[in-house]
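Throughout, protein chains are lettered first and strands after them, A, B, ... in sequence-line order, and every chain is numbered starting at 1.
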Protein chains: 2
Amino acid sequence: MVSLKDVAQRAGVSIKTVSNVVNGYQHVTPAMRERVQRAIDELGYRPNLTARHLRKGRTGIIALAVPELGNPYFAELAGAVIDAAAQHDYTVLLDHTGGRRDKELLVCQGFRSHVMDGLILSPIELESADLLARTESSPLVLLGEREYDAPFDHIAIDNVAAARSAVRHLIDLGRRRIAFLGARRESAREPAHLRLRGWREELTAAGLPADDALVVATDGYGREDGARAMAALLDGADRPDAVFAYNDTVAIGAMRTLADRGLRIPEDIAVVGFDDIEEGRFAGVPLTTISPDKEAIARLAVDCLVERLSGGASTEPRRARPGHRLVVRESTAGRA
Amino acid sequence: MVSLKDVAQRAGVSIKTVSNVVNGYQHVTPAMRERVQRAIDELGYRPNLTARHLRKGRTGIIALAVPELGNPYFAELAGAVIDAAAQHDYTVLLDHTGGRRDKELLVCQGFRSHVMDGLILSPIELESADLLARTESSPLVLLGEREYDAPFDHIAIDNVAAARSAVRHLIDLGRRRIAFLGARRESAREPAHLRLRGWREELTAAGLPADDALVVATDGYGREDGARAMAALLDGADRPDAVFAYNDTVAIGAMRTLADRGLRIPEDIAVVGFDDIEEGRFAGVPLTTISPDKEAIARLAVDCLVERLSGGASTEPRRARPGHRLVVRESTAGRA
DNA sequence: CTGAAAGCGCTTACAG
DNA sequence: CTGAAAGCGCTTACAG
């Protein structure tokens with residue numbers, strides 16, 4: 001491994017001068033710069049980032065922890081974060097928590113923290129108390145639907161408004177028994193809380209009953225969960241005429257069950273998802289969904305972190321609200 | 001930030017003793033260990049990995065570079081690599097190349113290399129010459145279908161055999177005009193080369209013509225590419241009665257086009273994919289596919305890298321062949 | 001079983 | 001505009 005010292009020796013200058021050239025320091029004579037550059041090229045020198053970072057106290061790495069890479073939403077989001085980070089010369093360390101509290105805690109408490117400058121976390125089970133107990137000092141940016149009483153930056157679309165527009169769309173199509181798939185647990189802060197609230201609010205505003213029998217809990221948010229939830233719903237007393245799913249993977253699982261039971265989408269039951277993953281666009285029946293602006297989410301999260309890292313941000317926690325829109329496809333609108 | 005020195009001071013011992021305790025060194029008296037541990041707990045000390053790694057010359061990070069995180073195969077694979085790496089206390093830096101040669105070169109040539117101990121790369125456009133020209137000394141493990149004349153570890157299933165079993169399956173079902181979707185470029189080393197060869201070999205073995213009109217090139221391997229390729233095929237002179245796609249996303253795009261044109265799967269055209277992503281299992285018509293053992297691929301790649309990093313591996317490049325199997329679903333077999 | 005010193009490769013004040 | 005020195009936090013021989 002060739003170091004600054006080797007280059008300095010070769011060029012017959014001090015280490016400092018080489019460092020100046022490497023870092024593009026202004027006041028170096030062209031002749032000197034060229035001489036040093038030649039030595040660099042000849043030796044194939046490349047700076048050791050580990051050493052640089054030890055000295056500067058920063059690593060140039062930010063970590064991104066999502067629940068599940070198998071959910072295309074998070075895979076697509078991760079890609080966007082990697083690109084946004086590259087704009088600021090940051091590299092992304094990726095981790096997945098499985099949505100399990102112990103892993104989320106580990107990540108949040110700074111597991112491997114010395115290796116990264118900051119963390120972007122999309123939590124599922126973490127509670128406000130967990131965040132408040134955090135001792136790790138590096139900046140943390142939260143992503144996603146859960147709301148916390150804790151002083152951290154938080155990037156999330158307006159989930160209530162988005163859910164309401166999805167339900168509104170179904171009501172406008174004449175649907176009256178609109179189920180919600182993917183609720184979880186009792187806590188007022190549960191993951192699906194805001195989307196469920198949007199569902200309830202919009203039904204109420206339309207003068208329709210928000211029937212609890214139409215709310216189906218799931219263990220997780222995968223396709224299998226959606227398939228099972230839909231089956232449970234169909235086995236129940238009153239069949240719904242529409243389904244609003246927590247996310248696209250749940251919706252796709254639900255559509256699988258509908259197809260297996262020989263029910264038509266949207267004629268018998270209309271389906272709306274949430275996330276706008278590409279899979280939904282290519283589904284057997286293309287899926288109507290809420291499309292969050294993933295690029296904006298990624299950009300805002302990275303910008304937030306970078307600002308805090310360069311000390312430019314206020315101490316106030318920032319709340320950013322990227323945009324979203326309803327994308328209507330055949331799962332609600334029928335063939336053109 | 002609290003350092004070893006702070007802990008040593010607090011405990012009234014030397015830095016070395018603290019280091020011994022932190023690293024679980026054997027020969028420390030229990031009393032001393034307890035005393036130091038108390039100081040560690042009181043101060044909330046955590047080792048600075050950057051410093052440790054500078055000293056040891058290793059970072060504990062391995063990089064994984066895949067073409068596209070938006071392709072669920074790579075997202076699922078990345079998840080498996082992260083888990084396999086965690087078993088060895090390694091963390092994963094994730095990058096995507098977009099399958100573009102310049103980005104692949106950058107990654108392979110050691111962009112940010114000082115930050116990672118080794119690289120797992122799934123190349124698309126890279127050539128053997130690029131690999132031979134690599135100056136970076138850290139270990140590199142290659143993943144995926146492309147074959148290289150270069151001395152690097154390579155993990156890949158037997159693509160020819162897998163492709164043959166897919167085509168065999170279609171022939172056994174009585175199909176005679178079996179198209180291949182997702183060829184690319186002319187080079188004998190092109191990405192789809194092996195699967196295409198498998199297609200050709202199996203047809204020939206069955207005494208069927210391997211008609212070039214049935215081979216459709218695509219720009220990439222996404223759903224959109226598959227949809228366009230299928231449309232081109234249907235617009236051609238002779239309609240096929242089956243399609244073998246380069247991968248599942250291409251197959252899913254093809255199925256979208258078939259549905260749009262009102263063709264029945266598998267009655268009119270049977271479809272087989274490659275990768276066994278979960279999306280295929282939940283597709284409008286569940287997709288028959290080749291299922292590579294992703295966990296084995298991830299484990300073998302990480303093991304390979306870790307072995308080289310600990311100096312235990314022979315200098316011989318290793319070629320590992322994880323298993324695969326054909327998973328038959330409705331896109332070829334029809335409803336049960 | 002524990003301590004004092006050197007050094008991993010870099011950058012940051014401080015001189016000149 | 002360039003150099004010599006100190007130090008980021010750790011581990012690794014080397015003494016004792």
Check your understanding: Do NZ/NE/NH1/NH2 and the carboxylate oxygens of B/Asp130 and B/Arg101 come within less than 4.0 Å?
Key -> yes
Point to revise | Length of the CD1-P vector between A/Ile15 and D/dA4, whole Å | key: 10 Å
Exercise for review: Starting from C1' on D/dT12, measure out to CG on B/Asn23 and report it in whole angstrom.
Suggested key: 11 Å
Revision key, fill the gap. Using Watson-Crick geometry (N1-N3 plus N6-O4 or O6-N4) or G-U wobble (N1-O2, O6-N3), each under 3.5 Å, D/dA4 is paired with none
Practice item. Report yes if at least one side-chain N or O of A/Asn20 is closer than 4.0 Å to OP1 or OP2 of D/dT2; otherwise report no. Key: no
Check your understanding: Which residue, A/Arg318, A/Arg308, A/Arg319, forms the side chain to side chain donor-acceptor pair (under 3.5 Å) with A/Asp153?
Key -> A/Arg308
Which atoms of nucleotides 7-9 of chain D (N or O only) lie under 3.5 Å from a protein N or O atom, and what are those distances?
unit_1, atom_1, unit_2, atom_2, d
D/dG7, N2, A/Arg55, NH1, 3.3
D/dG9, N2, B/Ala51, O, 3.4

Practice item. Rounded to the nearest angstrom, tell me the gap between atom CZ in A/Arg35 and atom P in D/dC1. Key: 16 Å
Point to revise | A/Thr29 side chain near D/dT2 phosphate (N/O to OP1/OP2, under 4.0 Å) | key: yes
Exercise for review: Identify whether the distance between the nearest side-chain nitrogen and carboxylate oxygen of A/Glu42 and A/Arg10 falls below 4.0 Å.
Suggested key: yes
Check your understanding: Taking atom C1' of C/dC10 as reference, at what distance in whole Å does atom CZ of A/Arg58 sit?
Key -> 15 Å
Below 3.5 Å, can you tabulate the donor-acceptor pairs from side chains in residues 73-80 of chain B to any protein atom, sequence neighbours excluded?
unit_1, atom_1, unit_2, atom_2, d
B/Glu76, OE1, B/Lys294, NZ, 3.4
B/Glu76, OE2, B/Glu278, N, 3.3

Check your understanding: Which nucleotide, in any strand shown, forms a Watson-Crick or G-U wobble pair with D/dA13, with both distances under 3.5 Å?
Key -> none
Check your understanding: Does the side chain of A/Thr59 pick up a donor-acceptor pair with the side chain of A/Asp117 at under 3.5 Å?
Key -> yes
Review point. Is there a donor-acceptor contact under 3.5 Å linking the side chains of A/Gln37 and A/Asp41?
Key: yes
Exercise for review: Would you tell me if any nitrogen or oxygen in the side chain of A/Ser19 comes within less than 4.0 Å of OP1 or OP2 on C/dT12?
Suggested key: no
